[in-house]
Amino acid sequence: MERYLGAGANAVLYASGKEFGESLNLKSIDEIIKFCKDNKIGIVEVINEDLLRIRFYECITCAGLPKMDKTLCHFEGGFIAGCLEKILGKKVQVKETHCAGLGNDFCQFEVKVL
Ligand SMILES: [Zn+2]
């Protein structure tokens with residue numbers, strides 16, 4: 001039961017992050033980086049290989065939290081999705097692949113442009 005409630009809460013966090021990201025009307029990825037830095041959301045590094053990867057160091061949600069075998073940063077994932085959809089004018093899918101909750105030193109999100 002807790003699992004389902006948990007998933008619901010994550011979806012709410014993702015949706016509110018997305019709404020927040022969209023409302024900022026940022027114009028470029030550089031502006032996302034600057035916004036996150038200025039507002040202490042995290043240090044963002046963009047790794048652009050086969051797909052867009054975004055890393056958050058010192059993530060506001062999970063930095064310093066112990067490993068608990070799950071990703072925690074659904075708000076940030078939604079936030080990235082909201083910002084990028086505005087910038088790219090396309091739907092994107094964001095998945096957190098690294099997180100302090102998984103024992104990593106940073107959070108990493110993979111962005112798939114749909
Ligand atoms: Zn995280």
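Numbers here simply count residues along the sequence, with the first being 1. Counting starts at 1 for both ligands and their atoms, in listed order.
- Side-chain contact check for L52 versus L84: some heavy-atom pair is nearer than 4.5 Å.
- Metal site remark for the Zn ion (ligand 1): C107 contributes an N, O or S atom at a distance under 2.8 Å.
- The line from CZ of F109 to SG of C99 is 7.0 Å long, rounded to the nearest 0.5 Å.
- Looking at E96, its N, O or S atom nearest to the Zn ion (ligand 1) turns out to be OE2.
- Centred on the Zn ion (ligand 1), the SG atom of C73 and the SG atom of C62 lie at an angle of 90°, reported to 10°.
- Residues V46 and I54 share a closest heavy-atom pair of CG2-CG1, 4.4 Å.
- For the Zn ion (ligand 1), the set of nearby N, O or S atoms under 2.8 Å includes none belonging to H98.
- Between the side chain of K112 and the main chain of E110, no donor-acceptor pair closer than 3.5 Å is present.
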